[in-house]
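Encoded as structure tokens, the structure appears first; notes follow it.
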Amino acid sequence: QVQLVESGGGLVQPGGSLRLSCAASGFTFSRYVMSWYRQAPGKERGLVAAIATTGGSTNYANSVNGRFTISRDNAKNMVYLQMNSLKPEDTAVYYCKATAVRSLKDYWGQGTQVTVSS
């Protein structure tokens, strides 16, 4: 049974930091590209960051480049999103996604809420 479980969301003041975690199970983690998406109220879900199977390549949305860092630990089946210098516009539900390299099959987590507000 495939599971992606996000954690680490919460309420933070502008300029603060949060670290999101995604625990994966039920599939061969090292064969999947991992990514973080977010969806704000009334907006479409969009890509935040993605990381290749070995962690050697990453890419980021322009809006978070230089502030967010995606990483993964294949030994622990974990992917992380370090978020620094948070802004109110970063407020959204953040989702973890796994994409199989060959079949492009996707799995999604349930999401974790991040709220940036003073």
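A side-chain donor-acceptor contact under 3.5 Å links Glu6 to the backbone of Gly111. Arg45 places no side-chain N or O within donor-acceptor distance of the main-chain N or O of Val93, the cut-off being under 3.5 Å.
Distance CG/Leu4 to CZ/Phe29: 8.5 Å, rounded to 0.5 Å. The CD atom of Gln82 sits 12.5 Å away from the CD1 atom of Ile70 when rounded to the nearest 0.5 Å. Atom CE of residue Met34 and atom OH of residue Tyr80 lie 11.5 Å apart, to the nearest 0.5 angstrom. Atom CH2 of Trp36 sits about 12.0 Å away from atom CD1 of Ile51, to the nearest 0.5 Å. Here the CG atom belonging to Asp73 is positioned 11.5 Å from the OG atom belonging to Ser30, to the nearest 0.5 angstrom. Rounded to the nearest 0.5 angstrom, Thr99 OG1 and Trp108 CH2 are separated by 7.5 Å.
Put simply, the side chain of Thr91 does not reach to within 4.5 Å of the side chain of Ser117, judged on heavy atoms. Using a 4.5 Å heavy-atom threshold, the side chains of Leu86 and Gln13 count as separate. In this structure the side chain of Met83 never reaches within 4.5 angstrom of the side chain of Asp90, judged on heavy atoms.
When every heavy atom of Lys97 is checked against every heavy atom of Tyr37, the shortest pair comes out as NZ-OH, 3.2 Å. Residues Ser17 and Asn84 come closest through the heavy atom pair OG-OD1, 2.9 Å. Tyr95 and Gly109 make their closest contact through CD2-O, 3.6 Å (heavy atoms, listed as atom of the first residue, atom of the second, distance). Heavy atoms only, all atoms of each residue included: Val79 and Ser71 are closest at CG2-O, 3.1 Å. The two residues Ala92 and Ala40 come nearest to each other via the heavy atoms CB-N, 3.8 Å. Contact between Ala100 and Tyr32 at its shortest, heavy atoms only, is N-CD2, 3.2 Å.
With hydrophobic clusters built from ILVMFWY side chains whose heavy atoms lie under 4.5 angstrom apart, Tyr107 does not share a cluster with Met78.
Residue Val33 shares its hydrophobic cluster (ILVMFWY side chains chained together at separations under 4.5 Å) with Val101.
No more than 12 heavy-atom neighbours from other residues, nucleotides or ligands sit within 6.0 angstrom of CD on Glu44. In this structure, Gln113 places its CD atom where more than 12 heavy-atom neighbours from other residues, nucleotides or ligands lie under 6.0 Å away.
Applying the side chain to side chain donor-acceptor pair (under 3.5 Å) test to every pair with at least one member in residues 51-63, sequence neighbours left out, gives these pairs: Arg38-Ser63.
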